[in-house]
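Encoded as structure tokens, the structure appears first; notes follow it.
These figures come from a predicted structure and were not determined experimentally. Letters A, B, ... are given to chains in the order of the sequence lines, protein chains preceding strands, and every chain is numbered from 1.
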2 protein chains.
Amino acid sequence: MPPRHFPHPGVASSLPDSVAEAIRQKLIHGELCAGQRLSEAQLAEQLDVSRNTLREAFRILSKEGLVHHAPNRGVSVVIPSIADIIDIYRIRRLIECQALAQSWPRHPAHKRMRQAVEQARQARAAGDWLQVGSANMAFHGAIVALADSERLSAMFSDIAAELRLAFGLLNDPEYLHAPYVDQNAHLLQLFEDGRIAEAAVELENYLVQSERMVLAVYARRVE
Amino acid sequence: MPPRHFPHPGVASSLPDSVAEAIRQKLIHGELCAGQRLSEAQLAEQLDVSRNTLREAFRILSKEGLVHHAPNRGVSVVIPSIADIIDIYRIRRLIECQALAQSWPRHPAHKRMRQAVEQARQARAAGDWLQVGSANMAFHGAIVALADSERLSAMFSDIAAELRLAFGLLNDPEYLHAPYVDQNAHLLQLFEDGRIAEAAVELENYLVQSERMVLAVYARRVE
DNA sequence: ACTACGCGGATTGTTGAGCAATCCGCATGC
DNA sequence: GCATGCGGATTGCTCAACAATCCGCGTAGT
């Protein structure tokens with residue numbers, strides 16, 4: 001029996017999968033904005049697929065929470081609400097902190113953490129804040145991977161994408177991402193030194209702080 | 001702005017949603033067995049929908065982990081592996097115990113817990129073990145609901161469905177479900193008495209025990 | 001002027017047919 | 001026994017069509 005494969009961003013076997021991935025990329029790169037209506041006919045032509053295929057992609061994205069499907073009104077990009085942000089950060093604290101606290105010290109995922117930190121540094125040096133955001137999410141994805149759970153990682157991946165969508169609503173990527181590059185590095189340092197408990201506590205603070213900042217910027221934006 | 005709605009088993013706005021729900025029900029009721037191939041043409045005719053609509057439903061179920069999509073080979077019902085069982089129980093312990101431990105004592109979800117216990121008792125009295133299984137999952141869903149997180153609840157719902165799929169592979173529903181009716185009731189009692197910490201500990205033991213039993217039956221079944 | 005109504009265009013929801021690509025079972029041949 | 005290759009069946013995807021629904025807008029009525 002072949003190992004189960006959870007269809008995941010990045011791998012695209014079928015056309016609807018790659019269409020979904022293409023739309024995800026458009027979301028990350030700001031080509032599609034939160035709240036925007038996604039016309040089936042228009043988007044199908046733009047991506048050069050049939051409406052039916054696009055519809056399958058919409059089902060996927062809808063289940064991921066990136067897109068909202070209103071009966072007879074089609075799909076539009078989700079606008080994460082304050083409640084959504086709070087929800088997401090609550091889950092992140094629950095999952096990431098547990099994953100880190102219970103982690104096996106020399107877990108293979110620590111390589112991914114290192115890579116992400118390195119990538120974030122390079123991207124920051126290049127001023128590519130989108131890339132910094134990706135690297136940051138990769139870092140936290142690696143933390144979740146410490147828990148060795150496919151399903152948890154899959155869920156985190158969805159949540160991370162939704163959070164990036166929220167970040168896209170804000171307009172100061174440097175302010176939003178820059179501080180966390182060094183914090184991630186420090187977290188990694190603690191982890192590699194085997195100071196797991198300290199790392200978990202720091203991660204918790206980190207997440208509380210991050211949530212607070214996002215909510216603050218978010219609230220100001222509503223004006 | 002209308003509140004976000006996470007498309008959930010039970011509510012079906014569009015046709016693909018209700019087709020997905022119909023298939024879920026078939027899975028629960030054993031009309032479709034794990035590993036079974038789902039022919040598009042055949043199932044489409046049986047459910048009286050078009051192949052395209054069925055395909056949309058497949059995408060949903062695939063994201064839920066109930067169905068596996070192999071390129072050019074169509075979809076088949078997932079066969080949960082031992083690793084999947086372990087994964088699921090790991091997540092259950094992580095999520096349910098946290099949700100219970102951090103719960104606000106008089107949280108509205110406790111009504112759902114009461115209802116589920118009552119329903120389980122009635123179903124047990126009637127010898128309807130499928131219903132007992134549903135009530136048991138409803139009880140644990142209510143525990144997760146204590147965390148007040150849409151996303152967590154949605155994820156748990158998916159996981160619970162997958163677990164029921166695994167239960168379907170086993171053939172002794174009474175042995176599988178009967179012991180937990182009273183344990184749930186006891187858990188509820190502790191919760192309502194405000195003995196949250198005790199309840200959380202008991203839940204953890206409960207889940208470890210449950211996992212052990214399922215894995216044991218599972219391993220025996222492989223012969 | 002303001003609301004209620006209703007019309008018409010545009011979009012979605014769903015279907016059915018059609019066709020290329022791929023897989024699977026099976027017979028053939030070595 | 002094993003590789004080869006053929007043919008039917010299935011999947012992957014597209015296209016076109018049509019009913020149902022929504023939305024904007026003009027009209028009528030007060």
Side-chain angles (χ1 to χ4, degrees), chain A residues 1-24 26 32-33 35-64 66-79, chain B residues 1-8 11-24 26 32-33 35-64 66-79:
Chain A
M1 181 171 46
R4 286 276 288 289
H5 88 291
F6 275 73
H8 232 36
V11 288
S13 45
S14 66
L15 189 50
D17 283 333
S18 46
V19 167
E21 178 60 22
I23 295 177
R24 272 184 222 110
K26 279 179 186 289
L32 294 174
C33 304
Q36 185 171 344
R37 187 92 175 265
L38 299 180
S39 155
E40 292 187 357
Q42 182 182 325
L43 197 54
E45 193 195 11
Q46 182 183 336
L47 297 174
D48 198 40
V49 295
S50 77
R51 267 182 69 211
N52 287 5
T53 298
L54 180 59
R55 272 174 146 273
E56 289 186 37
F58 279 167
R59 295 286 172 185
I60 298 170
L61 295 170
S62 179
K63 195 101 197 137
E64 282 171 17
L66 294 180
V67 127
H68 174 72
H69 192 139
N72 285 312
R73 288 210 252 148
V75 312
S76 43
V77 180
V78 154
I79 309 176
Chain B
M1 178 172 51
R4 286 278 290 289
H5 88 291
F6 276 71
H8 233 36
V11 289
S13 44
S14 67
L15 189 51
D17 283 333
S18 46
V19 167
E21 178 59 22
I23 296 177
R24 273 184 222 110
K26 279 180 186 290
L32 294 174
C33 304
Q36 186 170 345
R37 187 92 173 264
L38 298 179
S39 155
E40 290 187 0
Q42 182 182 324
L43 197 53
E45 191 193 12
Q46 182 183 336
L47 297 175
D48 198 42
V49 294
S50 77
R51 267 182 70 210
N52 286 331
T53 299
L54 180 59
R55 270 170 149 278
E56 288 187 36
F58 279 167
R59 293 287 172 189
I60 299 170
L61 295 169
S62 182
K63 258 267 164 328
E64 283 171 17
L66 295 180
V67 128
H68 175 71
H69 194 140
N72 286 312
R73 289 209 252 150
V75 313
S76 43
V77 180
V78 154
I79 308 177

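Applying a 4.0 Å cut-off to non-hydrogen atoms, none of the residues of residues 39-46 of chain B approaches DNA chain C.
Contacts of A:Ala20 classified as side-chain contact (heavy atoms from CB on, under 4.5 Å), with partners at least two apart in sequence or in another chain: A:Arg24, A:Ala57, A:Ile60, A:Leu61. Contacts of A:Arg37 classified as side chain to side chain donor-acceptor pair (under 3.5 Å), with partners at least two apart in sequence or in another chain: none. Under the rule for a side-chain contact (heavy atoms from CB on, under 4.5 Å), the partners of B:Gln46 that lie at least two apart in sequence or sit in another chain are B:Lys26, B:Leu43. Every residue meeting the side-chain contact (heavy atoms from CB on, under 4.5 Å) condition with B:Ser50, not counting sequence neighbours, appears here in chain and number order: B:Asn52, B:Thr53. Every residue meeting the salt bridge (Lys or Arg N to Asp or Glu O under 4.0 Å) condition with B:Arg51, not counting sequence neighbours, appears here in chain and number order: B:Glu40. A search for side chain to side chain donor-acceptor pair (under 3.5 Å) contacts involving A:Ser14 returns A:Asp17, B:Arg59, not counting sequence neighbours. Residues satisfying the side chain to side chain donor-acceptor pair (under 3.5 Å) test with B:Ser76, not counting sequence neighbours, are none.
Picking from D:dC23, C:dT14, C:dC23 the nucleotide with the shortest atom distance to the side chain of B:Arg73 gives C:dC23.
Residues A:Leu54 and A:Ile23 meet the side-chain proximity criterion, which asks for heavy atoms closer than 4.5 Å.
In this structure, B:Leu38 reaches the sugar-phosphate backbone alone: every heavy-atom distance under 4.0 Å involves primed, P, OP1 or OP2 atoms, never a base.
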Nucleotides 4-9 of chain D: which of its N/O atoms have a protein N/O under 3.5 Å away?
none

Can you check nucleotides 15-20 of chain D for protein contacts, nitrogen or oxygen pairs under 3.5 Å, and list what you find?
residue: D:dC15; atom: N4; partner: A:Asn52; partner atom: ND2; Å: 2.9

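B:Arg55 places its CZ atom 11 Å from the C1' atom of D:dT14, with the value rounded to the nearest Å. Nucleotide D:dC13 holds its P atom 13 Å from the CG atom of A:Leu54, rounded to whole Å. The nearest whole Å value for the distance from the CG atom in A:Leu47 to the C1' atom in D:dT14 is 15 Å. In this structure, A:Asp48 atom CG and D:dT14 atom C1' are separated by 11 Å, rounded to whole Å. What separates CG of A:Leu15 from P of D:dT11 is a distance of 18 Å, to the nearest Å.
Of the side-chain N and O atoms in B:His69, one or more sit less than 4.0 angstrom from OP1 or OP2 of D:dG12. Remark: B:Thr53 is in phosphate contact with C:dT15, judged by side-chain N or O atoms under 4.0 Å from OP1 or OP2.
Annotation for B:Gln36: atom CD counts as buried by contact number, over 12 foreign heavy atoms lying within 6.0 Å. Around CD of B:Gln42, the count of heavy atoms belonging to other residues, nucleotides or ligands within 6.0 Å does not exceed 12.
We find the NE2-NZ distance between A:His69 and A:Lys63 to be 13.5 Å, quoted to the nearest 0.5 Å.
Nearest-nucleotide positions on DNA chain D place A:Pro16 closer to the 5' end than the other of A:Arg37 and A:Pro16.
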